[in-house]
Amino acid sequence: MSKESQVIKQRRKKAQEMEEAGIELYPNAVPAPAPISSIVDEYGGLDAEALEGLDRQFRVAGRIMAMRKFGKVSFCHIQDESGSIQLYAARDTLGQDSYKVFKKYDIGDIIWAEGTLFRTRTNELTLMVREARLVTKSLQPLPEKYHGLTDKELRYRHRYIDLVMNREVRDTFRMRSRIVQLLRQYFSSEGFLEVETPMMQPIVGGATARPFVTHHNALDIDLFLRIAPELYLKRLLVGGFEKVFELNRNFRNEGISIQHNPEFTMLEFYEAYATYEDLMERTENLFAMIARDVRGTTAITYQGAEINLEPPWKRMTLEESLTAVGNIPANELKDRDALSQRLKDAGAPVTGDEPLGKYWTKLFDLLVEPNLVQPTFITHYPTDVSPLARRNAENPEVTDRFELFITGREIANAFSELNDPRDQARRFEEQVANRGDDDEIPPEVDWDYINALEVGMPPAAGEGIGVDRLVMLLTDSPSIRDVILFPQLRPEHIRRER
RNA sequence: GGGCCGUUAGCUCAAUUGGCAGAGCAAUUGACUCUUAAUCAAUAGGUUCGGGGUUCGAUUCCCUGACGGCCCA
């Protein structure tokens with residue numbers, strides 16, 4: 001990239017010549033254009049005669065996506081956010097000078113045009129240009145018109161070109177925006193208060209993950225980008241807000257994959273006096289509502305697989321899933337040696353120091369999770385892998401918790417909240433004591449959180465929903481990078497000569 | 001972190017056994033008053049991702065690095 005390509009050199013030269021001829025390359029404003037789709041929607045049904053009878057001029061503006069120039073007449077398609085339309089420019093209607101300028105416009109330029117509607121011989125609704133102006137000169141050539149931009153690296157690095165060229169990409173991000181809007185509407189209408197809690201936290205908590213570290217100079221302390229907002233949201237329950245939610249970014253300093261971006265969007269909500277069972281119902285209804293809105297149905301396809309989001313969804317305890325889906329005999333489930341052997345066979349050996357719950361969740365990840373294609377709630381997670389969840393009343397070895405799986409991926413995690421400060425303090429201390437050098441576990445106990453629980457948190461249930469994964473599901477996107485506008489990539493170090 | 005695959009003109013892609021690096025679109029010039037992947041004629045455009053090696057000769061084979069994709073952890 002240190003040497004400018006011939007195409008760009010020629011464009012710069014052409015732009016300079018136009019400027020010298022008195023054409024403004026980046027004018028301040030033009031008379032407001034109408035959205036192209038509004039014109040197409042309103043007049044697209046009229047025949048040639050009816051269009052001719054319209055005594056009206058229309059103003060449009062958009063980027064030139066294709067151009068076909070003849071001697072004294074030119075066609076081009078311009079595209080705005082709403083749609084695209086063909087323009088017809090003729091020397092005889094535009095005048096010799098204006099037409100000469102029109103022919104200088106390049107694919108990629110943004111232009112403005114005013115004119116009348118008519119139908120071409122091939123019956124396409126077209127704007128006969130009476131006046132045209134350059135709005136923004138483009139100095140970079142657009143990708144090839146037929147194949148467009150397909151190289152994934154270039155698409156992610158130059159998302160703006162991807163958006164110009166690929167309609168499906170624009171549609172995906174419109175749908176993402178709609179989904180986020182629906183989530184907000186749902187929780188607001190259900191009486192939840194939207195809040196914002198710290199992104200920079202002095203003590204990480206609320207999940208098991210490696211954090212990003214940053215430094216505050218004035219305070220001279222390290223701060224961590226949050227891996228979850230959970231412990232702050234629950235402080236708000238203590239404060240008396242009974243239904244709260246937060247929809248924002250979390251940061252985890254881990255690998256990048258088709259399912260993981262270092263920053264990702266999570267919706268967390270907490271509801272006093274509810275239990276995890278109430279949340280299962282809420283989740284089913286919420287997902288079904290969103291699917292009906294954005295897909296028109298609860299029977300969707302994801303990468304070729306039929307997914308039925310119509311409630312109620314399947315429910316299974318973790319233990320049941322290990323035997324029923326993972327095919328582990330029930331009598332082996334408490335047998336560490338047998339489980340250890342299975343993990344070794346699966347290529348994920350354990351050291352032997354892990355709690356039994358860790359064996360179960362590891363085996364679950366390997367043998368069960370990929371097979372949970374239809375929406376499935378897995379419940380009764382072992383207490384030793386659920387440090388913030390309330391113990392089950394009948395069996396304190398497990399918690400009142402569920403995780404939701406769809407298309408073999410975890411999409412949500414929820415539980416009835418542990419609000420006994422004594423139990424919480426013990427579990428935190430145990431976690432820190434057994435931490436070793438595992439930097440996914442916080443190195444210190446968040447005593448202020450314990451203090452909050454001692455003030456008293458009402459019984460409550462809370463849930464986190466992975467918004468990116470939900471959007472992947474509903475937009476049929478195979479990679480998380482397809483639903484994040486600017487996914488994290490290794491920097492490319494572009495040097496430009498000016 | 002490991003394995004496999006990829007990187008050639010602005011974009012999409014070719015290149016036989018290791019033998020002059022090519023096409024389409026885009027660009028430039030010309031012709032053309034209803035095209036839509038417009039057409040026709042001509043022109044220009046390359047550090048074949050970087051570095052090293054083998055060879056008379058490397059886009060091609062080997063080593064190494066960069067970036068990306070997919071799979072696994």
Side-chain angles (χ1 to χ4, degrees), chain A residues 1-15 17 48 51 63-79 84-96 99-100 102-109 117-129 138-158 161-162 164-166 210 253-260 303 343-351 362-363 365-366 369-370 408 440 478-482 487-497:
Chain A
M1 279 298 258
S2 61
K3 213 175 83 184
E4 205 162 69
S5 81
Q6 181 194 235
V7 186
I8 294 172
K9 270 190 199 136
Q10 279 170 340
R11 282 222 170 180
R12 286 190 195 281
K13 187 164 162 254
K14 190 170 172 182
E17 286 165 3
L51 288 174
R63 192 184 294 278
I64 300 175
M65 299 303 292
M67 200 152 198
R68 296 170 290 280
K69 292 178 197 169
F70 295 78
K72 302 184 182 65
V73 59
S74 298
F75 294 88
C76 69
H77 273 94
I78 64 165
Q79 166 182 296
S84 72
I85 192 168
Q86 179 168 257
L87 304 187
Y88 172 83
R91 192 192 61 175
D92 293 350
T93 46
L94 211 48
Q96 188 148 353
Y99 183 64
K100 227 169 137 183
F102 192 92
K103 279 182 83 169
K104 286 206 183 300
Y105 297 157
D106 286 317
I107 292 173
D109 289 353
L117 290 175
F118 77 110
R119 285 198 179 274
T120 61
R121 275 179 211 166
T122 54
N123 207 33
E124 178 164 349
L125 182 72
T126 301
L127 188 85
M128 167 99 63
V129 179
S138 169
L139 299 174
Q140 298 269 348
L142 286 183
E144 195 225 3
K145 61 186 167 192
Y146 189 56
H147 299 92
L149 187 68
T150 60
D151 184 279
K152 282 189 184 173
E153 182 174 357
L154 290 178
R155 288 185 43 214
Y156 299 144
R157 283 196 198 282
H158 305 299
I161 304 177
D162 192 25
V164 167
M165 297 304 296
N166 297 318
R210 204 165 288 126
N253 202 345
E254 291 171 352
I256 294 177
S257 80
I258 206 160
Q259 280 190 76
H260 299 89
Q303 302 295 296
L343 279 166
K344 210 169 151 193
D345 293 345
V350 285
T351 61
K362 274 194 165 195
L363 283 164
D365 290 349
L366 292 166
E369 178 170 349
E440 291 192 351
S479 167
I480 195 168
R481 291 182 205 104
D482 297 327
Q488 199 62 54
L489 297 179
R490 216 178 277 268
E492 190 191 24
H493 306 302
I494 301 170
R495 262 186 316 123
R496 289 191 80 174
E497 286 174 10

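Values below: all heavy atoms of this structure, side chains included; hydrogens, waters and symmetry mates excluded. In what follows, chains carry the letters A, B, and so on, assigned in the order in which the sequence lines appear, proteins first and then strands, with residues in each chain numbered from 1.
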If you check the A:Thr150 side chain, which of B:G68, B:C13, B:G10 turns out closest? B:C13
Are A:Gln140 and A:His158 linked by a side-chain donor-acceptor pair shorter than 3.5 Å? no
Scan A:Lys14 against the nucleic acid and name what it touches under 4.0 Å (heavy atoms): base, sugar-phosphate only, or nothing. sugar-phosphate
Dot-bracket notation for RNA chain B is requested: 5' to 3', Watson-Crick or G-U wobble pairs only, both distances under 3.5 Å, with ( ), [ ], | and . as defined. (((((((..((((.....[..)))).(((((.......))))).....(((((..]....)))))))))))).
If you check every side-chain atom of A:Gln86, which of B:C13, B:G69, B:U35 has the closest atom? B:U35
Which part of the nucleic acid, if any, lies within contact of A:Phe118, taking any heavy atom under 4.0 Å across all strands shown: a base, the sugar-phosphate backbone alone, or nothing? base
If the C1' atom of B:U48 is compared with that of B:C61, how far apart are they to the nearest Å? 16 Å
Out of B:A26, B:C70, B:U35, minimum distance to the side chain of A:Ile107 belongs to B:A26
Is there aromatic stacking of A:Phe70 against B:C32, centre distance under 5.5 Å, plane angle under 30°? no
Separation of B:G45 atom C1' from A:Arg11 atom CZ, nearest Å, is 15 Å
Which part of the nucleic acid, if any, lies within contact of A:Arg119, taking any heavy atom under 4.0 Å across all strands shown: a base, the sugar-phosphate backbone alone, or nothing? nothing
Between B:C63 and B:G45 - P atom distance, rounded Å: 36 Å
Contacts of A:Tyr88 and A:Leu489 projected onto RNA chain B by closest heavy atom; the upstream (5') one is A:Tyr88
Nucleotides 71-73 of chain B: which of its N/O atoms have a protein N/O under 3.5 Å away?
none

Could you verify whether a donor N or O on one side chain and an acceptor N or O on the other, from A:Gln79 and A:Ser84, lie under 3.5 Å apart? no
Taking the minimum atom-to-atom distance to the side chain of A:Gln6, which one of B:C67, B:A44, B:U35 wins? B:A44
Please report the distance separating the P of B:U35 from the corresponding atom of B:G50, rounded so that it comes out in whole Å. 45 Å
Take atom P in B:G10 and the same atom in B:G52, then report the distance between them in whole Å. 23 Å
